[in-house]
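Report on the structure given below.
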There are 2 protein chains.
Amino acid sequence: MPTPAKTSQAALAAIARELVEASGPDALTVGAVAQRAGIKPPSLYKHFVDRSALLKAVEIDVLHELEAHLRRETKGADHKSRLKAMARAYRRFGTTAPNRYRVIYSGNAFIDPEIREACLYSAQPLFEELRAAGIAEQRILPVSRTLVPFLHGFVIMEIGSAFNLGGDIEEAFETGLETILAGV
Amino acid sequence: MPTPAKTSQAALAAIARELVEASGPDALTVGAVAQRAGIKPPSLYKHFVDRSALLKAVEIDVLHELEAHLRRETKGADHKSRLKAMARAYRRFGTTAPNRYRVIYSGNAFIDPEIREACLYSAQPLFEELRAAGIAEQRILPVSRTLVPFLHGFVIMEIGSAFNLGGDIEEAFETGLETILAGV
DNA sequence: AATTCATGTAGCCATGATAGCTATATACAT
DNA sequence: ATGTATATAGCTATCATGGCTACATGAATT
């Protein structure tokens, strides 16, 4: 090893995540990360090729956390209540930390193989639950592509204050969830 | 009038929109807009207070266009087929111009009264169609909050290449739409 | 002539990024 | 053991771009 390292890729990624969570993606500047890590901005480029690589690391990190969250929070007697619990956990994941959630599906970076993989990984809990519920294999994809868009759209709109016509948002979520699960 | 104006707020907004549509929000720079309008960057600040005001103008413009698009493309014999046509038109609006669509619900700028208003305006066609379909007034909000999040989430995921497990995306959309409308 | 206001010039600051140098821990040959 | 080569984390310096401000300019209305 040359010149003792003051920081590491993992430490820098953690700092980047904190910045994004606290103040959104725009707060993730090379300078801010470097400063918090006790190094100068140019030195950061020895660990990440550019700013977008930092953001990518954050996104992958968040997707892994989502996967763990969905596994942890899924309880219930029957399959339907477990699916509901998972959906509610998904929404909670987004609403409790909006800036953290917003990095998911942001941009069209899904051509990136690493993000693709992390994305797939985060979808596994739902796939497994649908299989366990006895959904036919060829219906799992269409069903996921009904439920996940609803969840994502709902969370994005909710944390963006797009539901501004009053009414009970909890109730709306339950109604939507019930409607979709009824068709499953 | 002093010094004849070389450009106008409307012209600048139109240029801004073209830039966003062509290359995404990051392409909307004060310099690029000014150059295309034949003025220098600082002069632009006499028409818009800052860059975000330009972006806001674009967002409002897009929402109005969405409203018009939904009204124009909605045909069908019965109410259900009209709702389906509207949903398909919504998706087409997003997929035919991804960068244009992405400005919708981006950020949490919905506290802004003008964006709120434009957002509401764009939702009118759906509300009217739901009312015409005989949906009870108190169910219109929950139903909208099931359908619109699904549509938004689906479009965002589709234009972000997030459906990367193969399968027929058209079919998935139709399945989801059918599932949701069945519960209406 | 005075006023008004869109435009222009000049410049500041933040940020992303690169070039090239320095310093040091390890590997290996002597 | 000792010295040399190498790899690499960090640094200073520098550049380009972009948002934005202060202030001057100049044409048209009054």
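No experiment lies behind these values; they were computed from the predicted model shown.
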Legend entry - Lys/Arg-Asp/Glu bridge criterion (N-O < 4.0 Å) met for A:Glu178, A:Lys80: yes
Inset, instruction - Mind calculating the distance between NZ (A:Lys46) and P (C:dT24) to the nearest angstrom? - result: 16 Å
Inset, instruction - In whole angstrom, give the distance that lies between atom CG of B:Asp50 and atom C1' of D:dG19. - result: 9 Å
Inset, instruction - Respond yes when some side-chain nitrogen or oxygen of A:Lys6 is under 4.0 Å from OP1 or OP2 of D:dC11, and no when none is. - result: yes
Inset, instruction - Please determine if a side-chain N or O atom of A:His47 lies less than 4.0 Å away from the OP1 or OP2 oxygen of D:dT8. - result: no
Legend entry - Pair A:Glu174 + A:Arg88: basic N to acidic O under 4.0 Å: yes
Inset, instruction - Output yes when B:Arg71 and B:Glu129 qualify as a salt bridge under the 4.0 Å nitrogen-oxygen rule, no when they do not. - result: no
Legend entry - Touch class at under 4.0 angstrom, heavy-atom based, for B:Pro42 against every strand present: base
Inset, instruction - Round to the nearest Å and state the distance from A:Arg51 atom CZ to C:dA17 atom P. - result: 8 Å
Inset, instruction - For C:dA6, take OP1 and OP2 only and decide whether either is under 4.0 Å from a side-chain N or O of B:Ser43. - result: no
Inset, instruction - Report the distance from atom OH of A:Tyr45 to atom C1' of C:dC21, rounded to the nearest whole Å. - result: 19 Å
Legend entry - Nearest-angstrom distance from the residue atom CD1 of A:Ile39 to P of D:dT12: 12 Å
Inset, instruction - Report yes or no: is there a donor-acceptor pair, N or O only, under 3.5 Å between the side chain of A:Lys40 and the base of D:dG10? - result: no
Legend entry - All pairs passing ring pair (Phe, Tyr, Trp, His ring centres under 6.0 Å) where residues 72-106 of chain B contributes a residue, at least two apart: B:His69-B:Phe93, B:Tyr90-B:Tyr101, B:Tyr101-B:His152, B:Tyr105-B:Phe110, B:Tyr105-B:His152
Inset, instruction - For atom CD of B:Glu128, decide whether the heavy atoms of other residues, nucleotides or ligands shown that lie under 6.0 angstrom number more than 12. - result: yes
Inset, instruction - Test the A:Arg145-B:Phe154 pair against the cation-pi criterion, namely NZ or CZ under 6.0 angstrom from the six-membered ring centroid and within 45° of the ring axis. - result: no
Inset, instruction - Decide yes or no on side chain to side chain contact (heavy atoms under 4.5 Å, CB included) for A:Arg17 and A:Glu65, but give the supporting numbers first. - result: CA-CA 12 Å; A:Arg17 232 197 82 148; A:Glu65 189 176 341; 2.3 Å; yes
Inset, instruction - Measure from NZ or CZ of A:Arg91 to the centre of the six-membered ring of A:Phe173, then state whether that distance is under 6.0 Å and the direction lies within 45° of the axis. - result: yes
Legend entry - Any residue of residues 24-36 of chain A with a heavy atom less than 4.0 Å from an atom of DNA chain C: A:Leu28, A:Thr29, A:Val30, A:Gly31
Inset, instruction - Write down the distance between CZ (A:Phe48) and C1' (C:dG16), rounded to a whole number of angstrom. - result: 16 Å
Inset, instruction - Please work out which residues in residues 8-21 of chain A have a non-hydrogen atom less than 4.0 Å from an atom of DNA chain C and list them by number. - result: none
Legend entry - Spacing of OG1 belonging to A:Thr74 relative to CE belonging to A:Met86, to within rounding of 0.5 Å: 3.5 Å
